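Numbered from 1 within each chain, the chains take letters A, B, ... in sequence-line order. Since we're looking at a predicted model, the values are computed, not measured.
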Number of protein chains: 4
Amino acid sequence: MAGTRKSREERRAQILACALEVFGEKGFHAATVDDIAARTGVARGTFYLYFKDRRSIFEALIDDFFARLTSQIRSIDVESAEPPLTQLRMNLHRLCRLALDEPAMMKILLQDASGLDAAFDTKLGAFYKALSVFLEESLEEGQRIGLVRAGDTPLMVALGIGALKEILLNAGTGTLPRSADALVEEIMRFFEAGLLARS
Amino acid sequence: MAGTRKSREERRAQILACALEVFGEKGFHAATVDDIAARTGVARGTFYLYFKDRRSIFEALIDDFFARLTSQIRSIDVESAEPPLTQLRMNLHRLCRLALDEPAMMKILLQDASGLDAAFDTKLGAFYKALSVFLEESLEEGQRIGLVRAGDTPLMVALGIGALKEILLNAGTGTLPRSADALVEEIMRFFEAGLLARS
Amino acid sequence: MAGTRKSREERRAQILACALEVFGEKGFHAATVDDIAARTGVARGTFYLYFKDRRSIFEALIDDFFARLTSQIRSIDVESAEPPLTQLRMNLHRLCRLALDEPAMMKILLQDASGLDAAFDTKLGAFYKALSVFLEESLEEGQRIGLVRAGDTPLMVALGIGALKEILLNAGTGTLPRSADALVEEIMRFFEAGLLARS
Amino acid sequence: MAGTRKSREERRAQILACALEVFGEKGFHAATVDDIAARTGVARGTFYLYFKDRRSIFEALIDDFFARLTSQIRSIDVESAEPPLTQLRMNLHRLCRLALDEPAMMKILLQDASGLDAAFDTKLGAFYKALSVFLEESLEEGQRIGLVRAGDTPLMVALGIGALKEILLNAGTGTLPRSADALVEEIMRFFEAGLLARS
DNA sequence: TATGAATGAGGTTTCATTCAT
DNA sequence: GATGAATGAAACCTCATTCAT
């Protein structure tokens with residue numbers, strides 16, 4: 001019934017959008033192909049015309065979001081006209097915008113994508129590893145030029161990533177500010193001064 | 001393995017311990033009742049003599065760990081002989097010890113326990129909510145007595161919790177220090193001074 | 001491939017030819033309508049403009065080949081100018097030619113056509129039954145005129161048919177001769193003298 | 001319901017027996033796991049306690065029968081007290097007995113086992129190849145010692161195998177004799193003298 | 001208490017066939 | 001005629017849970 005003949009691309013996008021909703025609501029494991037098909041208003045078989053299997057639509061969502069997410073991060077160029085802190089602030093701003101725009105995807109990426117699958121874990125693990133290494137090197141560089149305080153860089157990176165992940169995951173939720181600007185300001189203050197008052 | 005008559009409590013504990021291993025290795029979804037029974041060296045049916053269902057053993061693990069975890073956190077008493085920062089430091093120390101002692105449980109709690117089940121999510125959500133509220137109030141109190149810098153407390157709490165969760169999750173992993181002391185030192189520095197050098 | 005407007009008959013023949021290839025390569029069960037359409041270079045729907053269903057194209061192939069096969073067999077006329085053995089030899093020759101020309105069809109007929117379908121089995125069974133009866137009568141006639149040795153005719157027919165089927169199925173394969181003449185010579189020798197040396 | 005608790009081996013044997021019936025009646029492709037389970041009087045899931053999948057029970061049947069079949073064939077020892085022809089006759093006798101005892105298995109092996117699966121085809125192909133090579137060598141040896149007439153051995157082997165297969169497949173069917181002795185006699189006559197009268 | 005055979009609901013996936021364009 | 005998107009029946013297989021022994 002529902003069907004109403006769509007172009008291939010339209011239908012694919014429609015299924016992806018519905019899958020995003022369903023995964024967001026139920027998580028990967030609880031979301032069945034049936035749920036996705038029903039939400040889309042197509043028959044079960046139709047799903048398989050567009051995606052090889054359940055895992056693959058999840059992967060498609062993640063991969064796409066991942067790409068958009070990483071595209072928001074620009075390497076900080078110490079020689080640029082913009083001061084490094086401004087560059088950092090802009091990176092954070094873009095990430096917060098994304099988190100506010102697509103909370104469902106952010107939740108899927110940050111909460112569901114872990115522990116699904118050996119292949120997936122490898123992929124995610126590789127990303128975090130690469131990110132960590134990159135950030136550690138950045139911190140070390142920052143320490144050298146006096147921008148970053150001294151300390152155990154791997155641990156500092158983990159702390160920073162953890163703090164950021166929590167914000168990205170909960171952006172727009174609960175009592176957190178709804179504006180990217182506000183989020184960025186507070187994150188920057190956290191990075192600049194921690195939580196405690198100057199003693 | 002099996003055999004060796006056990007008291008009910010011993011047997012239950014034995015199954016719990018094996019389940020912890022299995023959940024830690026495969027995650028909740030991939031871990032079957034069979035895996036747990038086999039690891040314990042008992043028959044499938046025996047499992048059900050000790051636990052109502054698969055969910056309930058997971059819940060038992062989480063609940064128990066949860067209790068132990070929260071028991072490590074002592075409310076900070078401003079009037080105590082110990083300075084508040086020392087009290088905070090001791091809290092962190094106990095948490096890091098726990099994370100280093102039981103990485104599997106920490107992983108299960110922090111990674112797998114989310115999105116399993118409406119009931120579970122509610123329970124976890126309530127905990128985080130309560131924790132957040134408590135921490136927010138603590139921060140506000142801290143701000144009042146000049147111990148905590150000014151700022152959006154919900155956001156500050158989220159940043160702090162995120163940073164801490166990341167450490168607890170990865171404690172003893174990768175390039176992070178293996179000692180609770182080292183972890184605590186760096187976390188405290190992070191809370192005290194952020195990441196950046198004093199400008 | 002596709003395009004090039006064809007007359008109905010041409011298109012039908014084209015699909016049949018491709019189906020033959022596909023069935024030959026994958027067998028009836030593994031060959032999907034999609035495989036056939038793709039090989040032909042037409043859309044799936046087009047297939048159904050020419051054939052009622054998947055079974056029917058298989059049946060069309062078999063029926064057609066069957067007709068060609070049986071048309072190669074001429075009843076042996078004892079009164080003809082040609083000696084009966086020559087007539088037999090010519091029958092065999094035509095069959096071997098067919099097998100060498102169309103190994104795929106022969107494989108399909110001899111290997112795949114069995115056990116597909118009650119209807120099909122009935123049809124094939126009827127053919128074999130009729131063939132057997134006919135051959136039994138021929139053998140009996142041959143026995144009467146002293147051309148065929150004494151023996152249990154149904155069994156002798158089965159032995160002969162089996163031997164022949166194996167050759168027709170494997171003609172041009174493995175280490176068997178590639179020429180119809182060679183095949184016929186050896187088959188005739190087998191019929192005339194068995195395998196063993198005159199004791 | 002049905003279940004009635006069996007020992008593992010009993011139940012396995014029971015399922016195998018029912019599967020044999022079902023495969024014999026419907027062929028591999030048409031036979032569903034449900035058919036087999038229903039025939040056995042157990043639930044679908046029970047089937048999977050005993051066999052990994054549908055293919056594997058088929059393979060188990062074939063492998064077992066295959067082993068029994070090949071165990072009936074004894075290499076012909078020219079130096080033995082028994083004359084070679086007697087040894088051949090005894091081989092044939094054992095095969096015919098098997099075919100009369102287990103017509104369903106014979107049908108499955110000879111008709112269904114072909115074209116199921118790449119792996120299966122390989123296995124069967126290897127068997128036939130080995131058998132052919134062995135028989136060709138035997139024939140050549142026979143030719144050397146004057147027991148077998150001259151001729152193209154691969155072709156002679158194919159003819160002989162084909163004739164035998166047809167008998168084994170149809171033993172006890174139609175108008176063929178029901179006794180192994182009668183079958184063997186006629187097969188031997190065929191091998192010794194072909195079908196035609198001495199000209 | 002312990003066992004492990006049995007169950008069957010629930011999910012996945014394939015593909016012959018239909019039908020709107 | 002031709003297309004290919006859509007359908008849904010039909011099989012497969014897994015595993016949490018029950019229950020007879």
Find the distance B:I57:CD1 to F:dA16:P and express it as a whole number of Å.
12 Å
Please give me the minimum heavy-atom distance between A:A31 and A:K26, naming the atom from each residue.
N-CB, 4.1 Å
Which stems, defined as runs of 3 or more consecutive Watson-Crick or G-U wobble pairs with both pairing distances under 3.5 Å, involve DNA chain E?
E:2-21 with F:2-21
Could I get the full list of side chain to side chain donor-acceptor pair (under 3.5 Å) partners for B:E102, not counting sequence neighbours?
B:R68
Residues two or more places apart in sequence or in another chain: which of them pass side-chain contact (heavy atoms from CB on, under 4.5 Å) with A:R8?
A:Y50
If I take atom CZ in residue A:R12 and atom C1' in nucleotide F:dG4, what distance separates them, rounded to the nearest angstrom?
17 Å
Which atom of B:C18 lies closest to which atom of B:T40, heavy atoms considered:
CB-OG1, 3.3 Å
Rounding to an integer number of Å, can you tell me how far B:Q14 CD sits from E:dT1 P?
15 Å
For atom CZ of A:F28 and atom P of E:dG11, their distance in whole Å:
13 Å
Any side-chain N or O of C:T46 below 4.0 angstrom from OP1/OP2 of F:dT3?
yes
Which whole-number value in Å describes the distance from A:D117 CG to E:dT12 P?
15 Å
Taking the side chain as everything from C-beta on, heavy atoms only, tell me whether A:F58 gets closer than 4.5 Å to A:D112.
yes
When you measure from the side-chain N and O atoms of A:Y50 to the phosphate of F:dA5, is any distance below 4.0 Å, counting only OP1 and OP2?
no
If you draw the axis of the six-membered ring of D:F28, does the NZ or CZ of D:R54 fall within 45° of it and under 6.0 Å from the ring centre?
yes
Could you state the CD-C1' distance from C:E10 to F:dG1, rounded to the nearest angstrom?
15 Å
Any side-chain heavy atom of D:H29 sitting closer than 4.5 Å to one from D:L116?
yes
Return no unless some side-chain N or O of C:R11 is found under 4.0 Å from OP1 or OP2 of F:dA2.
yes
In chain order, what residues pass the side chain to side chain donor-acceptor pair (under 3.5 Å) check against C:S114, with sequence neighbours excluded?
D:Q111
Atom-to-atom span, CG of A:D35 to P of E:dG10 - whole angstrom:
13 Å
Judged by nearest nucleotide, the residue sitting upstream toward the 5' end of DNA chain E, C:A30 or B:L49, is B:L49
Of all residues at least two apart in sequence or in a different chain, which pass the side-chain contact (heavy atoms from CB on, under 4.5 Å) check with B:T173?
B:N170
Treating primed atoms plus P, OP1 and OP2 as sugar-phosphate and everything else as base, which nucleotides of nucleotides 16-21 of chain E get B, S or - for protein heavy atoms under 4.0 Å?
SBBBB-
